[in-house]
> 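Okay, here's the structure, questions in a sec.
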Amino acid sequence: MKTVQITTLGGPTSLELLDAPNPDAGSSTVLIDVHAAGIAFPEVLQSRGQYQVKPDLPFIPGAEVAGTVVSAPEDSGLAVGQRVAALPFLGAFAEQVACSPEAVFPIPDSLSFEAAAAIPFNYLTAHFALLRRGRLAAGESVLVHGAAGGVGSAAIQVAKAFGAGRVISVTSTPEKGAAAVAAGSDEYVLADGFRDAVKELTGGKGVDVVVDTVGGDRFTDSLRSLAANGRILVIGFTGGSIPEVKVNRLLLNNLDVVGVAWGAYATVRPGYLQGQWAELLPKIEAGGIVPLMGDVYPMEKVSDALIAIDERRAVGKLILGVRGSG
Ligand SMILES: NC(=O)c1ccc[n+]([C@@H]2O[C@H](COP(=O)([O-])OP(=O)(O)OC[C@H]3O[C@@H](n4cnc5c(N)ncnc54)[C@H](OP(=O)(O)O)[C@@H]3O)[C@@H](O)[C@H]2O)c1
(Lines give C-alpha, C1' and ligand atoms only; values in the text may rest on other atoms or scores of the structure.)
Protein backbone atom coordinates (compact mmCIF):
# COMPACT_ATOMS: atom_id res chain seq x y z
CA MET A 1 0.00 0.00 0.00
CA LYS A 2 0.96 3.65 -0.41
CA THR A 3 2.12 5.32 2.82
CA VAL A 4 3.73 8.51 4.04
CA GLN A 5 6.65 7.79 6.36
CA ILE A 6 9.01 9.63 8.66
CA THR A 7 12.39 8.04 7.95
CA THR A 8 14.67 10.77 9.36
CA LEU A 9 14.02 13.55 11.85
CA GLY A 10 14.64 16.27 9.28
CA GLY A 11 11.44 18.26 9.81
CA PRO A 12 8.31 18.75 7.65
CA THR A 13 10.15 18.55 4.29
CA SER A 14 11.64 15.13 5.01
CA LEU A 15 8.48 12.98 4.90
CA GLU A 16 8.60 10.30 2.18
CA LEU A 17 5.95 8.61 0.06
CA LEU A 18 6.82 4.89 0.25
CA ASP A 19 5.18 1.53 -0.39
CA ALA A 20 4.72 -0.74 2.62
CA PRO A 21 2.97 -4.05 3.32
CA ASN A 22 -0.70 -3.76 4.28
CA PRO A 23 -1.20 -3.97 8.06
CA ASP A 24 -2.10 -7.33 9.58
CA ALA A 25 -5.37 -6.80 11.43
CA GLY A 26 -5.16 -10.07 13.39
CA SER A 27 -8.30 -11.14 15.21
CA SER A 28 -8.54 -8.26 17.64
CA THR A 29 -8.26 -5.08 15.55
CA VAL A 30 -10.38 -3.38 12.91
CA LEU A 31 -8.85 -3.05 9.44
CA ILE A 32 -9.88 0.18 7.71
CA ASP A 33 -9.57 1.41 4.11
CA VAL A 34 -8.48 5.00 4.70
CA HIS A 35 -10.27 7.67 2.65
CA ALA A 36 -9.01 10.72 4.56
CA ALA A 37 -6.65 11.35 7.46
CA GLY A 38 -6.41 14.35 9.78
CA ILE A 39 -3.15 16.34 9.84
CA ALA A 40 -2.23 18.06 13.09
CA PHE A 41 0.51 19.98 14.88
CA PRO A 42 1.93 16.85 16.57
CA GLU A 43 3.03 15.53 13.14
CA VAL A 44 5.16 18.65 12.72
CA LEU A 45 6.75 17.92 16.09
CA GLN A 46 7.14 14.21 15.23
CA SER A 47 8.96 15.07 12.00
CA ARG A 48 11.64 16.66 14.20
CA GLY A 49 11.56 14.10 17.03
CA GLN A 50 10.10 16.73 19.36
CA TYR A 51 6.78 15.07 20.28
CA GLN A 52 6.30 13.18 23.53
CA VAL A 53 5.58 9.95 21.58
CA LYS A 54 8.83 8.97 19.78
CA PRO A 55 8.35 5.79 17.68
CA ASP A 56 11.40 3.99 16.24
CA LEU A 57 12.27 5.11 12.68
CA PRO A 58 10.92 4.61 10.11
CA PHE A 59 7.26 4.99 11.06
CA ILE A 60 3.94 6.03 9.51
CA PRO A 61 2.59 9.12 11.30
CA GLY A 62 -1.04 10.22 11.46
CA ALA A 63 -3.39 9.86 14.41
CA GLU A 64 -6.87 9.81 12.89
CA VAL A 65 -8.72 8.60 9.83
CA ALA A 66 -12.10 8.23 8.23
CA GLY A 67 -12.84 5.33 5.92
CA THR A 68 -14.62 2.01 5.59
CA VAL A 69 -14.27 -1.20 7.55
CA VAL A 70 -12.48 -4.01 5.70
CA SER A 71 -12.63 -6.49 8.56
CA ALA A 72 -13.57 -6.34 12.23
CA PRO A 73 -13.62 -8.64 15.26
CA GLU A 74 -16.98 -10.44 15.51
CA ASP A 75 -17.89 -8.90 18.87
CA SER A 76 -17.00 -5.33 17.78
CA GLY A 77 -20.47 -4.48 16.47
CA LEU A 78 -18.84 -3.16 13.28
CA ALA A 79 -19.76 -4.42 9.82
CA VAL A 80 -17.65 -4.77 6.67
CA GLY A 81 -18.13 -1.67 4.51
CA GLN A 82 -19.36 0.48 7.41
CA ARG A 83 -18.29 4.14 7.33
CA VAL A 84 -16.22 5.03 10.39
CA ALA A 85 -13.84 7.52 11.93
CA ALA A 86 -10.98 6.08 13.96
CA LEU A 87 -8.05 7.01 16.15
CA PRO A 88 -5.14 4.65 15.57
CA PHE A 89 -2.85 7.41 17.03
CA LEU A 90 -0.12 6.31 14.54
CA GLY A 91 -0.19 4.83 11.04
CA ALA A 92 -3.01 6.98 9.63
CA PHE A 93 -1.07 8.37 6.63
CA ALA A 94 -1.59 5.15 4.66
CA GLU A 95 -4.14 3.44 2.42
CA GLN A 96 -5.02 1.01 5.22
CA VAL A 97 -4.70 1.10 8.97
CA ALA A 98 -5.46 -1.33 11.80
CA CYS A 99 -7.10 0.10 14.90
CA SER A 100 -8.42 -1.14 18.24
CA PRO A 101 -12.25 -1.38 18.18
CA GLU A 102 -12.15 0.87 21.28
CA ALA A 103 -11.14 3.74 19.01
CA VAL A 104 -13.40 3.14 15.98
CA PHE A 105 -16.54 5.27 15.73
CA PRO A 106 -19.47 4.85 13.31
CA ILE A 107 -20.24 8.07 11.44
CA PRO A 108 -23.50 9.39 9.96
CA ASP A 109 -23.95 9.17 6.17
CA SER A 110 -24.34 12.94 6.08
CA LEU A 111 -20.69 13.43 7.12
CA SER A 112 -18.04 13.40 4.38
CA PHE A 113 -14.89 11.38 5.03
CA GLU A 114 -12.88 14.61 5.08
CA ALA A 115 -15.08 16.17 7.78
CA ALA A 116 -15.15 12.91 9.73
CA ALA A 117 -11.33 12.71 9.69
CA ALA A 118 -11.25 16.23 11.17
CA ILE A 119 -13.17 15.24 14.27
CA PRO A 120 -11.57 12.58 16.51
CA PHE A 121 -8.26 14.09 17.64
CA ASN A 122 -9.37 17.70 18.09
CA TYR A 123 -12.95 17.31 19.28
CA LEU A 124 -12.21 14.53 21.76
CA THR A 125 -9.32 16.63 23.11
CA ALA A 126 -11.56 19.70 23.38
CA HIS A 127 -14.32 17.65 25.01
CA PHE A 128 -11.92 16.21 27.61
CA ALA A 129 -10.29 19.60 28.18
CA LEU A 130 -13.44 21.66 28.64
CA LEU A 131 -15.80 19.21 30.31
CA ARG A 132 -13.61 16.81 32.31
CA ARG A 133 -10.59 18.95 33.15
CA GLY A 134 -12.11 22.42 32.87
CA ARG A 135 -15.45 21.61 34.58
CA LEU A 136 -17.24 23.92 32.15
CA ALA A 137 -20.63 24.92 33.56
CA ALA A 138 -23.65 26.19 31.63
CA GLY A 139 -23.37 29.84 30.72
CA GLU A 140 -19.66 30.19 31.53
CA SER A 141 -17.50 32.29 29.24
CA VAL A 142 -14.52 30.82 27.36
CA LEU A 143 -11.45 32.42 25.77
CA VAL A 144 -9.80 30.29 23.06
CA HIS A 145 -6.21 30.82 21.88
CA GLY A 146 -5.18 29.53 18.44
CA ALA A 147 -8.90 29.65 17.68
CA ALA A 148 -8.62 29.18 13.91
CA GLY A 149 -6.46 26.09 14.41
CA GLY A 150 -7.59 22.50 14.76
CA VAL A 151 -7.95 22.18 18.55
CA GLY A 152 -8.97 25.83 18.90
CA SER A 153 -11.85 25.69 16.41
CA ALA A 154 -12.98 22.41 17.95
CA ALA A 155 -12.92 24.02 21.41
CA ILE A 156 -15.19 26.83 20.17
CA GLN A 157 -17.78 24.33 18.93
CA VAL A 158 -17.57 21.96 21.89
CA ALA A 159 -17.92 24.88 24.30
CA LYS A 160 -21.01 26.16 22.47
CA ALA A 161 -22.52 22.71 21.95
CA PHE A 162 -22.20 21.90 25.66
CA GLY A 163 -23.75 25.08 27.00
CA ALA A 164 -21.02 27.69 27.31
CA GLY A 165 -22.07 31.33 27.27
CA ARG A 166 -19.89 33.79 25.43
CA VAL A 167 -16.89 32.42 23.49
CA ILE A 168 -14.13 34.88 22.63
CA SER A 169 -11.36 33.86 20.23
CA VAL A 170 -7.76 35.03 20.14
CA THR A 171 -6.06 34.96 16.73
CA SER A 172 -2.97 36.50 15.18
CA THR A 173 -4.79 37.98 12.15
CA PRO A 174 -8.27 39.31 11.29
CA GLU A 175 -8.60 36.56 8.64
CA LYS A 176 -8.12 33.88 11.29
CA GLY A 177 -10.48 35.81 13.56
CA ALA A 178 -13.16 35.70 10.86
CA ALA A 179 -12.59 31.93 10.55
CA ALA A 180 -13.03 31.54 14.32
CA VAL A 181 -16.30 33.48 14.15
CA ALA A 182 -17.40 31.29 11.23
CA ALA A 183 -16.68 28.28 13.46
CA GLY A 184 -19.10 29.69 16.06
CA SER A 185 -17.14 32.12 18.23
CA ASP A 186 -19.13 35.16 19.37
CA GLU A 187 -16.23 37.46 18.58
CA TYR A 188 -12.47 37.57 18.20
CA VAL A 189 -9.68 39.73 19.52
CA LEU A 190 -6.16 39.94 18.11
CA ALA A 191 -3.36 38.22 20.00
CA ASP A 192 -1.46 41.45 20.22
CA GLY A 193 -3.05 43.26 23.17
CA PHE A 194 -5.69 40.58 23.80
CA ARG A 195 -5.72 41.14 27.56
CA ASP A 196 -7.01 44.71 27.30
CA ALA A 197 -9.53 43.71 24.64
CA VAL A 198 -10.90 40.88 26.81
CA LYS A 199 -11.09 43.21 29.79
CA GLU A 200 -13.11 45.68 27.76
CA LEU A 201 -15.42 43.04 26.27
CA THR A 202 -16.17 41.53 29.68
CA GLY A 203 -16.59 44.83 31.52
CA GLY A 204 -13.43 44.13 33.53
CA LYS A 205 -14.70 40.79 34.89
CA GLY A 206 -12.65 38.41 32.75
CA VAL A 207 -13.56 34.94 31.46
CA ASP A 208 -14.27 31.73 33.32
CA VAL A 209 -12.13 29.38 31.22
CA VAL A 210 -9.10 29.92 28.96
CA VAL A 211 -8.27 27.24 26.37
CA ASP A 212 -4.52 27.59 25.83
CA THR A 213 -2.99 25.78 22.86
CA VAL A 214 -0.23 28.37 22.44
CA GLY A 215 1.59 28.85 25.78
CA GLY A 216 4.66 31.08 25.57
CA ASP A 217 4.61 34.67 26.67
CA ARG A 218 0.80 34.98 26.49
CA PHE A 219 0.34 32.90 29.59
CA THR A 220 0.57 35.60 32.24
CA ASP A 221 -1.89 37.79 30.35
CA SER A 222 -4.20 34.77 30.05
CA LEU A 223 -4.12 34.37 33.84
CA ARG A 224 -4.87 38.07 34.17
CA SER A 225 -7.83 37.58 31.81
CA LEU A 226 -9.52 35.08 34.15
CA ALA A 227 -12.48 35.93 36.34
CA ALA A 228 -12.46 34.81 39.99
CA ASN A 229 -12.53 30.98 40.21
CA GLY A 230 -11.35 30.78 36.58
CA ARG A 231 -9.43 27.89 35.00
CA ILE A 232 -6.73 27.94 32.34
CA LEU A 233 -6.41 24.70 30.38
CA VAL A 234 -2.82 23.90 29.38
CA ILE A 235 -3.15 22.04 26.06
CA GLY A 236 -0.11 22.84 23.92
CA PHE A 237 2.83 25.12 23.25
CA THR A 238 2.60 26.09 19.60
CA GLY A 239 4.16 29.44 20.55
CA GLY A 240 7.36 27.48 21.14
CA SER A 241 8.12 28.13 24.81
CA ILE A 242 6.77 26.65 28.02
CA PRO A 243 5.50 29.35 30.37
CA GLU A 244 6.22 29.60 34.08
CA VAL A 245 3.62 30.67 36.65
CA LYS A 246 4.01 32.93 39.68
CA VAL A 247 1.65 31.07 41.94
CA ASN A 248 0.66 34.14 43.97
CA ARG A 249 -1.48 35.02 40.92
CA LEU A 250 -3.44 31.82 41.50
CA LEU A 251 -3.92 32.42 45.20
CA LEU A 252 -5.20 35.96 44.85
CA ASN A 253 -8.22 35.09 42.72
CA ASN A 254 -8.79 31.35 43.31
CA LEU A 255 -7.48 30.40 39.87
CA ASP A 256 -6.63 26.90 38.58
CA VAL A 257 -3.90 26.02 36.08
CA VAL A 258 -5.13 22.70 34.69
CA GLY A 259 -2.99 20.24 32.72
CA VAL A 260 -4.71 18.48 29.81
CA ALA A 261 -3.23 15.19 28.56
CA TRP A 262 -6.20 13.64 26.78
CA GLY A 263 -4.34 10.74 25.14
CA ALA A 264 -2.68 9.71 28.40
CA TYR A 265 -6.06 9.76 30.14
CA ALA A 266 -8.21 8.14 27.49
CA THR A 267 -5.95 5.31 26.37
CA VAL A 268 -5.74 3.67 29.80
CA ARG A 269 -9.50 3.82 30.42
CA PRO A 270 -11.36 1.25 28.34
CA GLY A 271 -14.65 2.68 27.13
CA TYR A 272 -13.72 6.32 27.72
CA LEU A 273 -13.29 7.21 24.03
CA GLN A 274 -16.57 5.50 23.12
CA GLY A 275 -18.29 7.43 25.92
CA GLN A 276 -16.90 10.68 24.56
CA TRP A 277 -18.05 9.82 21.03
CA ALA A 278 -21.52 8.98 22.31
CA GLU A 279 -21.75 12.48 23.77
CA LEU A 280 -20.44 14.17 20.61
CA LEU A 281 -22.45 12.17 18.04
CA PRO A 282 -25.86 13.80 18.72
CA LYS A 283 -24.20 17.23 18.37
CA ILE A 284 -22.63 16.15 15.06
CA GLU A 285 -25.96 14.79 13.81
CA ALA A 286 -27.78 17.96 14.91
CA GLY A 287 -25.28 20.16 13.05
CA GLY A 288 -23.87 21.80 16.20
CA ILE A 289 -20.47 20.34 15.40
CA VAL A 290 -19.29 21.07 11.87
CA PRO A 291 -15.48 21.09 11.64
CA LEU A 292 -13.80 24.22 10.30
CA MET A 293 -12.18 22.69 7.23
CA GLY A 294 -8.83 23.76 5.83
CA ASP A 295 -7.20 22.48 2.64
CA VAL A 296 -7.14 18.83 1.52
CA TYR A 297 -3.67 17.62 0.42
CA PRO A 298 -2.89 14.57 -1.71
CA MET A 299 -0.40 12.14 -0.14
CA GLU A 300 2.49 13.38 -2.27
CA LYS A 301 1.93 16.94 -0.94
CA VAL A 302 1.88 16.06 2.76
CA SER A 303 5.03 18.12 3.42
CA ASP A 304 3.24 21.23 2.15
CA ALA A 305 0.57 20.70 4.80
CA LEU A 306 3.10 20.33 7.61
CA ILE A 307 4.98 23.42 6.39
CA ALA A 308 1.72 25.42 6.40
CA ILE A 309 1.11 24.39 10.03
CA ASP A 310 4.73 25.09 10.96
CA GLU A 311 4.64 28.52 9.33
CA ARG A 312 1.36 29.36 11.06
CA ARG A 313 -0.49 29.69 7.75
CA ALA A 314 -3.01 26.88 8.32
CA VAL A 315 -6.63 27.85 8.88
CA GLY A 316 -8.97 25.14 10.10
CA LYS A 317 -8.23 21.44 9.96
CA LEU A 318 -5.86 20.20 7.25
CA ILE A 319 -6.70 16.85 5.69
CA LEU A 320 -4.74 14.20 3.81
CA GLY A 321 -6.92 12.93 0.96
CA VAL A 322 -6.04 9.26 0.61
CA ARG A 323 -8.79 7.68 -1.53
CA GLY A 324 -10.88 10.69 -2.47
CA SER A 325 -14.10 11.93 -0.98
CA GLY A 326 -17.31 10.18 -0.17
N1 LIG B 1 -2.90 18.17 25.44
C2 LIG B 1 -3.50 17.38 24.58
O3 LIG B 1 -4.11 16.37 24.96
C4 LIG B 1 -3.41 17.72 23.12
C5 LIG B 1 -4.17 17.01 22.16
C6 LIG B 1 -4.10 17.43 20.81
C7 LIG B 1 -3.26 18.48 20.44
N8 LIG B 1 -2.51 19.10 21.42
C9 LIG B 1 -1.64 20.26 21.11
O10 LIG B 1 -2.47 21.37 20.82
C11 LIG B 1 -1.70 22.32 20.07
C12 LIG B 1 -2.53 22.82 18.89
O13 LIG B 1 -2.65 21.80 17.92
P14 LIG B 1 -3.47 22.08 16.58
O15 LIG B 1 -3.48 20.81 15.81
O16 LIG B 1 -4.73 22.77 16.93
O17 LIG B 1 -2.50 23.12 15.83
P18 LIG B 1 -2.87 24.18 14.67
O19 LIG B 1 -4.09 23.74 13.95
O20 LIG B 1 -1.61 24.41 13.91
O21 LIG B 1 -3.26 25.49 15.49
C22 LIG B 1 -2.35 26.05 16.38
C23 LIG B 1 -2.54 27.56 16.49
O24 LIG B 1 -1.49 28.04 17.34
C25 LIG B 1 -1.27 29.40 17.03
N26 LIG B 1 0.19 29.72 17.09
C27 LIG B 1 0.72 30.64 17.90
N28 LIG B 1 2.05 30.69 17.73
C29 LIG B 1 2.36 29.81 16.76
C30 LIG B 1 3.58 29.43 16.14
N31 LIG B 1 4.75 29.99 16.50
N32 LIG B 1 3.55 28.49 15.18
C33 LIG B 1 2.37 27.91 14.83
N34 LIG B 1 1.18 28.23 15.41
C35 LIG B 1 1.17 29.18 16.35
C36 LIG B 1 -1.82 29.66 15.64
O37 LIG B 1 -2.89 30.59 15.79
P38 LIG B 1 -2.64 32.16 15.66
O39 LIG B 1 -1.75 32.37 14.45
O40 LIG B 1 -4.01 32.71 15.46
O41 LIG B 1 -1.99 32.59 16.94
C42 LIG B 1 -2.40 28.32 15.19
O43 LIG B 1 -3.64 28.47 14.53
C44 LIG B 1 -0.40 21.59 19.66
O45 LIG B 1 0.63 22.00 20.55
C46 LIG B 1 -0.73 20.13 19.89
O47 LIG B 1 0.42 19.36 20.15
C48 LIG B 1 -2.59 18.73 22.72
Side-chain angles (χ1 to χ4, degrees), residues 11-12 37-48 50-53 61-64 87 89 117-134 143-158 168-181 183 185 188-194 211-219 221-222 232-243 257-268 272-273 276 291-295 305-320:
I39 305 173
F41 202 87
E43 279 102 41
V44 176
L45 299 175
Q46 281 176 342
S47 75
R48 299 197 175 104
Q50 292 172 343
Y51 195 55
Q52 60 258 34
V53 181
E64 60 193 337
L87 256 173
F89 286 104
I119 292 179
F121 203 63
N122 292 336
Y123 284 80
L124 296 175
T125 296
H127 177 274
F128 172 69
L130 284 163
L131 302 180
R132 169 77 52 156
R133 299 293 292 141
L143 183 73
V144 181
H145 287 287
V151 174
S153 57
I156 292 168
Q157 294 190 353
V158 170
I168 304 172
S169 289
V170 184
T171 59
S172 57
T173 66
E175 292 73 26
K176 287 187 178 183
V181 169
S185 186
Y188 78 89
V189 298
L190 292 175
D192 198 15
F194 78 88
V211 173
D212 188 12
T213 57
V214 175
D217 54 14
R218 295 184 190 185
F219 200 82
D221 276 346
S222 289
I232 180 164
L233 310 178
V234 179
I235 297 182
F237 310 103
T238 57
S241 64
I242 297 178
V257 177
V258 183
V260 176
W262 158 71
Y265 186 93
T267 51
V268 297
Y272 184 72
L273 290 172
Q276 284 194 289
L292 179 67
M293 301 302 289
D295 292 331
L306 296 199
I307 292 166
I309 291 174
D310 197 33
E311 292 181 350
R312 208 172 170 175
R313 287 185 282 107
V315 178
K317 178 74 177 181
L318 305 193
I319 295 292
L320 194 68

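One-based numbering along the sequence shown. Order of listing sets the numbers, starting from 1, for every ligand and every atom in it. These figures come from a predicted structure and were not determined experimentally.
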> Which protein non-hydrogen atom lies closest to atom 16 (O) of ligand 1, naming both residue and atom, and how far is it?
Val151 N, 2.7 Å
> If the cut-off is 4.0 Å to any non-hydrogen atom of Thr171, which atoms of ligand 1 fall inside it?
40 (O)
> Under 3.5 Å, N or O to N or O, is Lys176 touching ligand 1 that way?
yes
> What residue and atom, counting heavy atoms only, is the protein's closest point to atom 8 (N) of ligand 1, and at what distance?
Ile235 O, 3.9 Å
> Any side-chain heavy atom of Ile309 within less than 4.5 Å of one from Glu43?
no
> Shortest non-hydrogen contact from Arg133 to Gly259?
NE-O, 2.8 Å
> Does the side-chain contact (heavy atoms from CB on, under 4.5 Å) test come out yes or no for Ile307 and Arg313, once each step is laid out?
CA-CA 8 Å; Ile307 292 166; Arg313 287 185 282 107; 3.6 Å; yes
> Find out whether Val234 and Asp212 are in side-chain contact, i.e. whether some heavy atom of one side chain is under 4.5 Å from a heavy atom of the other.
no
> Ignoring hydrogens, what is the shortest heavy-atom contact between Leu318 and Ala305? Give both atom names and the distance.
CD1-O, 3.6 Å
> Test of understanding: with salt bridge (charged side-chain N to carboxylate O under 4.0 Å, His left out), list the residues that count as partners of Arg48, not counting sequence neighbours.
Asp310
> For the residue pair Phe121 and Pro42, what are the closest heavy atoms and their distance?
CE2-CG, 3.8 Å
> Check Val151, Asn122, Ile39 against Lys317 for a side-chain contact (heavy atoms from CB on, under 4.5 Å) and give me the one that passes.
Asn122
> So if I count the atoms of ligand 1 from 1 in the order they appear, which ones are less than 4.0 Å from some heavy atom of Gly149?
19 (O), 21 (O), 43 (O)
> Within the 4.0 Å heavy-atom shell around Phe237, which atoms of ligand 1 are there?
45 (O)
> Nearest protein heavy-atom contact for atom 12 (C) of ligand 1: which residue, which atom, what distance?
Thr238 CG2, 3.8 Å
> Look at atom 3 (O) of ligand 1 and say which protein heavy atom is nearest, naming residue and atom and giving the distance to 0.1 Å.
Trp262 N, 3.0 Å
> Just let me know how Phe121 lines up against ligand 1, side chain, backbone, both or neither, with a heavy-atom cut-off below 4.0 Å.
side chain
> Heavy-atom contact check, 4.0 Å cutoff: does Pro42 meet ligand 1?
yes
> For ligand 1, is Gly239 a contact, meaning one of its heavy atoms is under 4.0 Å away?
yes
> Quick one: are Val144 and Ser185 in side-chain contact, heavy atoms under 4.5 Å?
no
> Hey, can you tell me if Phe89 and Trp262 have their rings parallel, tilted or perpendicular (30° and 60° cut-offs)?
tilted
> Under 4.0 Å from ligand 1, counting heavy atoms only, is it the side chain of Val214, its backbone, both or neither?
side chain
> Which residue supplies the protein heavy atom nearest to atom 19 (O) of ligand 1, what is that atom called, and how far is it?
Gly150 N, 2.8 Å
> Under 4.0 Å from any heavy atom of Gly146, which atoms of ligand 1 are there?
23 (C), 37 (O)
> Within the structure, is a non-hydrogen atom of Arg218 found at a distance of less than 4.0 Å from ligand 1?
yes
> Could you identify the single nearest non-hydrogen protein atom to atom 17 (O) of ligand 1 and state the distance to 0.1 Å?
Phe41 CB, 3.5 Å
> Among protein heavy atoms, which sits nearest to atom 38 (P) of ligand 1, and what does the distance come to when rounded to 0.1 Å?
Ser172 OG, 3.4 Å
> Strictly by modelled atom types, are Tyr265 and Arg132 linked by a side-chain donor-acceptor pair under 3.5 Å?
yes
> Tell me which protein heavy atom sits closest to atom 1 (N) of ligand 1, plus the residue, atom name and distance to 0.1 Å.
Val260 O, 2.7 Å
> For the residue pair Ile232 and Val258, establish whether any side-chain heavy-atom pair is separated by less than 4.5 Å.
no
> Give the numbers and elements of all ligand 1 atoms closer than 4.0 Å to a heavy atom of Ile309.
20 (O), 33 (C)
